[in-house]
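Please read the structure below before turning to the comments.
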Amino acid sequence: MATPSIATSASSTSPIVSVTSALSYGDLFLTNLSQSFSTIDSDNQADTSAFADGGVATVYNNAVVEADDTEVLTFATSSAFGENKDYFGFAETHAVIVGNFFVDAGKTLSFNFTSAIDLETSIEAPQQIENASVIREISFSLYDTSDISKESLKDFLTNLLPDPDSIQKNPLLFFSLSGNLNTSRRNDNFLTSEKSENVTISTEFKDSNFEGSQKFASAFIRGSVKRSFNKQANVTLIALRRGQARVAAPEPSPSLTLLSKPGSLGVATQGRRQGATSGRSCDKKVMKVTVGK
């Protein structure tokens, strides 16, 4: 499977230069699905913004979604880097995957999953005027949508892409992994995971440091899902990937000046249309912005 390229930055050796960095990475892989999707679609977004006045700000996103009948993968890296003073950088990614199954009576829907997040923040300001923060959330949930007519199902699934939280149903099962780091507020730091019945964890690793000027939080979880159905059912899977990285010194104000035009590279292909049942679809976005002297 593809792996993301993660941008790295080297700070100046001058003692007067202050450097701030933030990195947010997350991935989710669903494999070995026992039931092929009848339809699957995705929405993959990546946004950046940066300002600088006397400093330099660099922000970077790499966000990927790939899917076929029995496999889904999505990963993203968001990073932000600031140097000197008076800068702001923000990188954000958001992906939604909506898949639908028809499961026969007496059958079991099952699949394996792996999920990981890696969060890092670092500040080097003597006066503590800098701030770095990162967020990452990975989740999937399964819903019984048997009560929705075949005539209405297509529109129902399409409407979930822009607003997955709009579904008014309790999940049959769910899993989530999330974390947050903030260099200026200790109460905002956490690393947590949740799951329901029918979700089995086989491997779990978590490590974190929420103290000092350099913080990190990492997690890797592997598991499986099994859910049996006594009668024929229509089932909808919603998988989410959200994350952002942010640096600022100090907090941005309207007086900050954009000193250079942002350079950006974007590559995107449409997710598979509703009703398609074969072939692999890929949705990839890469964005990078640097502003400053």
Checklist entry - Are side-chain heavy atoms of F90 and Q244 found at a separation under 4.5 Å? => result yes
Item to check | Value rounded to 0.5 Å, distance of CD1 in I221 from NZ in K206 | outcome: 5.0 Å
Next on the checklist: Could you measure the distance from the CG atom of D155 to the CG atom of L157? Nearest 0.5 Å is fine.
Outcome noted: 9.0 Å
Checklist entry - Hey, are the side chains of F101 and L33 touching, using non-hydrogen atoms and a 4.5 Å cut-off? => result yes
Item to check | I148 backbone acceptor or donor facing S152 side chain under 3.5 Å | outcome: no
Checklist entry - Tell me, which pairs form a ring-ring contact (aromatic ring centres under 6.0 Å, His included) where one or both residues lie in residues 138-186, sequence neighbours left out? => result F111-F140, F113-F140, F113-F175, F140-F175
Item to check | Nearest atoms (heavy-atom pairs only) where S36 meets T70 | outcome: OG-CG2, 3.5 Å
Item to check | Donor-acceptor contact below 3.5 Å, side chain D43 vs main chain A95 | outcome: no
Checklist entry - Step by step, would you call L172 with F229 a side chain to side chain contact (heavy atoms under 4.5 Å, CB included)? => result CA-CA 11 Å; L172 297 173; F229 294 86; 4.0 Å; yes
Checklist entry - Taking atom OG of S24 and atom CD of E92, what is their separation to the nearest 0.5 Å? => result 10.0 Å
Next on the checklist: Given 3.5 Å as the limit, does a donor-acceptor pair link the side chain of S146 with the main chain of N234, or not?
Outcome noted: yes
Item to check | Step-by-step side chain to side chain contact (heavy atoms under 4.5 Å, CB included) determination, V56 to V291 | outcome: CA-CA 6 Å; V56 179; V291 298; over 6 Å; no
Checklist entry - For the atom pair CZ (F88) and OG1 (T20), what is the distance rounded to the nearest 0.5 Å? => result 12.5 Å
Checklist entry - Would you say K195 has more than 12 foreign heavy atoms packed within less than 6.0 Å of its NZ? => result yes
Item to check | Close side-chain approach of T236 and V98, heavy atoms under 4.5 Å | outcome: yes
Next on the checklist: Does F37 form a side chain to side chain contact (heavy atoms under 4.5 Å, CB included) with L237? I'd like the steps, not just the answer.
Outcome noted: CA-CA 9 Å; F37 290 109; L237 170 75; 4.0 Å; yes
Checklist entry - Taking atom types as modelled, is there a side-chain donor on S184 or N131 under 3.5 Å from an acceptor on the other? => result yes
Checklist entry - Going by atom types only, do T77 and N62 share a side-chain donor-acceptor pair under 3.5 Å? => result no
Next on the checklist: Do the side chains of K169 and D147 get close enough for a salt bridge, i.e. N-O under 4.0 angstrom?
Outcome noted: yes
Next on the checklist: Ignoring hydrogens, what is the shortest heavy-atom contact between L142 and L109? Give both atom names and the distance.
Outcome noted: CD2-CD2, 3.7 Å
Checklist outcome for this item: In short, S133 meets N182 closest at the heavy-atom pair CB-ND2, 3.8 Å
Checklist entry - How about L73 and L28: do any of their side-chain heavy atoms sit closer than 4.5 Å? => result no
Checklist entry - Between I238 and L240, is any pair of side-chain heavy atoms under 4.5 Å apart? => result yes
Next on the checklist: With a 4.5 Å cut-off on side-chain heavy atoms, are L30 and E71 touching?
Outcome noted: no
Item to check | Flag for T108-S228: side-chain donor and acceptor within less than 3.5 Å | outcome: yes
Next on the checklist: Testing the basics here: between S78 and A91, what is the closest heavy-atom pair and its distance to 0.1 Å?
Outcome noted: CB-O, 3.9 Å
Item to check | Side chain N100, main chain V235, donor-acceptor under 3.5 Å | outcome: yes
Next on the checklist: Quick one, V134 with L23, criterion side chain to side chain contact (heavy atoms under 4.5 Å, CB included). Give me CA distance, side-chain angles, the key distance, then yes/no.
Outcome noted: CA-CA 7 Å; V134 289; L23 170 69; 5.6 Å; no
Checklist entry - Going from OG1 on T121 to CD on E130, what distance comes out if it is rounded to the nearest 0.5 angstrom? => result 11.5 Å
Next on the checklist: Side chains of N32 and N112 only: does a donor on one sit below 3.5 Å from an acceptor on the other?
Outcome noted: yes
Checklist entry - Any side-chain heavy-atom pair from R241 and N44 closer than 4.5 angstrom? => result yes
Checklist entry - When you look at D165 and R242, which way does the salt bridge (Lys or Arg N to Asp or Glu O under 4.0 Å) test go after all the steps? => result CA-CA 13 Å; D165 296 328; R242 297 166 172 154; 3.3 Å; yes
Checklist entry - Are D118 and S218 close enough that a side-chain donor and a side-chain acceptor fall under 3.5 Å? => result yes
Checklist entry - Do you know which two heavy atoms are closest between A132 and S122, and how far apart they sit? => result CB-O, 4.4 Å
Checklist entry - Any link between I135 and F81 through a network of hydrophobic side chains (Ile, Leu, Val, Met, Phe, Trp, Tyr) touching at under 4.5 Å? => result no
Checklist entry - Among Q45, K285, R136, which residue meets the side chain to side chain donor-acceptor pair (under 3.5 Å) test with T93? => result R136
Item to check | Min side-chain heavy-atom separation V96-H94 under 4.5 Å | outcome: yes
Checklist entry - With sequence neighbours left out, which residue pairs that include part of residues 179-221 fulfil the ring-ring contact (aromatic ring centres under 6.0 Å, His included) condition? => result none
Item to check | N198 side-chain N/O to K226 backbone N/O, donor-acceptor pair under 3.5 Å | outcome: yes
Next on the checklist: Quick check for you: to the nearest 0.5 Å, what is the distance between L161 atom CG and S166 atom OG?
Outcome noted: 10.0 Å
Next on the checklist: Looking at every non-hydrogen atom in both residues, tell me the closest pair between L173 and E197 and how far apart they are.
Outcome noted: CB-O, 3.8 Å
Item to check | Check: A22 main-chain N/O paired with S79 side-chain donor or acceptor under 3.5 Å | outcome: no
Next on the checklist: Does atom CG (D163) have a neighbourhood of more than 12 heavy atoms from anything else shown, all under 6.0 Å?
Outcome noted: yes
